[in-house]
2 protein chains.
Amino acid sequence: MSGAPIRVLVADDQRTVRDGLTMLVGLIEGVEVVGAACDGVEAVELAQTERPDVVLMDLRMPRMKGAEATRRIRAELPDTQVLVLTTYADDESLFPALQAGARGYLTKDASAEEIEQAIRALIAGETHLDPIVQQRLVAAVLDTKPILDAPTQSLPNDLTPREAEVLKLIAGGLSNAEIAEALVVSPATVKTHVNRIFYKIGARDRAQAVRYAYQHGIA
Amino acid sequence: MSGAPIRVLVADDQRTVRDGLTMLVGLIEGVEVVGAACDGVEAVELAQTERPDVVLMDLRMPRMKGAEATRRIRAELPDTQVLVLTTYADDESLFPALQAGARGYLTKDASAEEIEQAIRALIAGETHLDPIVQQRLVAAVLDTKPILDAPTQSLPNDLTPREAEVLKLIAGGLSNAEIAEALVVSPATVKTHVNRIFYKIGARDRAQAVRYAYQHGIA
DNA sequence: CTCGCCCTCAACCCACGGGTTGACACCGCG
DNA sequence: CGCGGTGTCAACCCGTGGGTTGAGGGCGAG
């Protein structure tokens, strides 16, 4: 399995990132960088002339967004796979990119080995997504899929109903005063609840409480 | 990072698979198999007494299905992650397992290295899914999420790399002083970053910043 | 080279948050 | 009936966080 080299095209508007990626990917054994585009239009053009196996695609680029470039490449070159390599994995970037036909999605935190693994996975016809992306997909699917069972959505901690309510509002970014107003109680009451919540979930401040809420599916 | 060993519990009804897994996983450096259950009921019981870091869970087991066992374990032991290791990745197995709180999903085709990677990913709080599962999730999401890409999907973000780094730590529940220590800068610098982040993402305090981070996939 | 962005740091102010103690009313339960 | 859990509220203290201003160095782009 070491025949022709894997041909890779790099597309990123930031010069340092583009050059760094070209260098990094070129060092991978059996991989050859056949071009570097600095925007979406150029990426599509280079893809058509070079017919690479994989395109490393940034999403935020001038002239043409990475998602649109991905769509065109996938439409015209079915054998060319697109590996998105971008800074953030927010829904507004993620879903259009997947919709456009990207089979891989990594953030720029990825190591060289991860990029290599992803490239090889795409060549093998697999999908390779950043763990965060996987997490978001799971969340999105569970959102839309009906709740198959789960009779009593048991709260992990022995938070009282009122405390759980307060925790949700904390996770919503509300201040103590705002929570008091929302629940029609005195600010002092809220403070009491908040302190008990912190004690129970092992949080030191609101920030940790928000983190806890999101990690435990309360928000 | 080579402190206490990772404690793993194996749950599978087939004796050869169970023993083989126990052997295989026990050979991984820094991993210790603390128990082997032959059905779902035993898996929950052993999880409660042993409090493992990761449970390798088969889905088709007598007495109690793996999905239900996963749900109970996740409800009572938030720090214990479940890695499903099953024969097939059909939707009828997959979605209930994810719904139940499994953070990892591999088929029994997986190599020892893949299992090791998955275990370490779960320990790190990440999600690790088989490429086929990733593919199915993408398909499921694109099914339910019609093309919703915004035409002028522009960037509300604009965070500098350093700011993004700080935001991640904020989302991790760290105080300014702790962030300063982690990044080896002065607390004053951290405060500057924090203020700029708040301005850019429209947050009023850390709690709202944590919320933002989780909702945008930064954490 | 110069401009602007990014990162760095310092000093100040004060409001809000976090911790503690103590109190009272309601309600279900044994 | 008395007890414990829950929800409510108040006073206090003080630390951290949040906002502002100001300033200097590095580095890439024009």
Side-chain angles (χ1 to χ4, degrees), chain A residues 12-23 36 38-39 58 60-63 87-88 108 154-155 157-213, chain B residues 155 157-213:
Chain A
D12 196 306
D13 60 326
Q14 293 174 290
R15 184 189 181 87
T16 54
V17 177
R18 189 169 65 246
D19 292 351
L21 274 178
T22 302
M23 182 79 69
C38 62
D39 62 47
D58 189 24
R60 287 167 55 174
M61 288 189 293
R63 292 217 284 169
T87 307
Y88 299 112
K108 287 180 178 169
S154 57
L155 293 179
N157 289 81
D158 47 351
L159 291 179
T160 70
R162 197 58 158 174
E163 287 164 356
E165 210 173 351
V166 172
L167 179 53
K168 278 182 198 166
L169 295 177
I170 291 177
L174 276 66
S175 70
N176 286 339
E178 288 166 345
I179 294 174
E181 198 170 342
L183 298 182
V184 201
V185 294
S186 133
T189 303
V190 176
K191 291 186 67 172
T192 305
H193 286 312
V194 168
N195 271 301
R196 283 209 249 274
I197 292 169
F198 287 176
Y199 175 76
K200 287 187 180 177
I201 69 178
R204 180 181 53 193
D205 49 38
R206 314 172 82 69
Q208 292 187 349
V210 175
R211 172 184 169 82
Y212 178 95
Chain B
L155 46 150
N157 233 332
D158 253 4
L159 291 180
T160 70
R162 196 58 158 175
E163 286 164 356
E165 211 172 351
V166 172
L167 178 53
K168 279 182 195 168
L169 295 176
I170 291 176
L174 276 65
S175 70
N176 286 338
E178 288 166 344
I179 294 173
E181 199 170 342
L183 298 182
V184 202
V185 295
S186 136
T189 303
V190 176
K191 291 188 66 173
T192 305
H193 286 311
V194 167
N195 272 298
R196 283 208 248 275
I197 292 168
F198 287 175
Y199 175 77
K200 287 185 180 177
I201 69 178
R204 180 181 54 193
D205 50 38
R206 315 171 81 67
Q208 293 188 347
V210 176
R211 173 183 168 81
Y212 178 95

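Numbered from 1 within each chain, the chains take letters A, B, ... in sequence-line order. A quick note: this is a predicted structure, and the numbers were derived from the prediction, not measured.
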What is the nucleic acid contact for B/T160, judged by heavy atoms within less than 4.0 Å: base, sugar-phosphate only, or nothing? sugar-phosphate
Nearest-Å distance, CD (A/E165) to C1' (D/dT8)? 14 Å
Residues 182-193 of chain A, side-chain donor-acceptor partners within the protein, below 3.5 Å, at least two apart:
residue: A/S186; atom: OG; partner: A/A188; partner atom: N; Å: 2.9
residue: A/T192; atom: OG1; partner: A/A188; partner atom: O; Å: 3.1

For A/H193 and C/dG19, what is the distance between atoms NE2 and P respectively, to the nearest whole Å? 16 Å
Can you confirm whether A/S175 sits close enough to B/R204 that some side-chain heavy atom of one is under 4.5 Å from a side-chain heavy atom of the other? yes
Inspect the surroundings of CZ in A/R15 and state if more than 12 heavy atoms from other residues, nucleotides or ligands are less than 6.0 Å away. no
Readout for nucleotides 14-27 of chain D: B = base within 4.0 Å of protein heavy atom, S = sugar-phosphate only, - = neither; 5' to 3' it is ---SBBB-------
Could you state the CD-C1' distance from B/Q208 to C/dG17, rounded to the nearest angstrom? 14 Å
When rounded to the nearest 0.5 Å, the distance separating CG of B/L174 from NZ of B/K168 is 13.5 Å
Pairwise 5' ranking along DNA chain D for A/R162 and A/R15, keeping only the more 5' one: A/R162
Separation of C/dC16 atom C1' from A/E181 atom CD, nearest Å, is 16 Å
Look at all strands and tell whether B/S186 reaches a base, only sugar-phosphate, or nothing, counting heavy atoms closer than 4.0 Å. sugar-phosphate
Bend angle of the helix from C/dC1-D/dG30 to C/dG30-D/dC1, end axes from five pairs each (to 10°): 50°
A/E178 CD to A/N176 CG distance, which is reported to the nearest 0.5 Å: 9.5 Å
Quick one: does A/D205's side chain have a donor or acceptor within less than 3.5 Å of a partner on A/Q208's backbone? yes
Please report the C-alpha distance between A/E165 and A/R162 in whole Å, then the side-chain angles of each, then the deciding distance to 0.1 Å, and finally whether the salt bridge (Lys or Arg N to Asp or Glu O under 4.0 Å) criterion is met. CA-CA 5 Å; A/E165 210 173 351; A/R162 197 58 158 174; 3.2 Å; yes
Nearest 0.5 Å please: distance from the CG atom of A/D12 over to the CG atom of A/L21. 6.5 Å
Figure out the CD/C1' separation between B/E163 and C/dC5, and round it to whole Å. 11 Å
Report yes if the side chains of B/K200 and B/L167 come closer than 4.5 Å at any heavy-atom pair, otherwise no. no
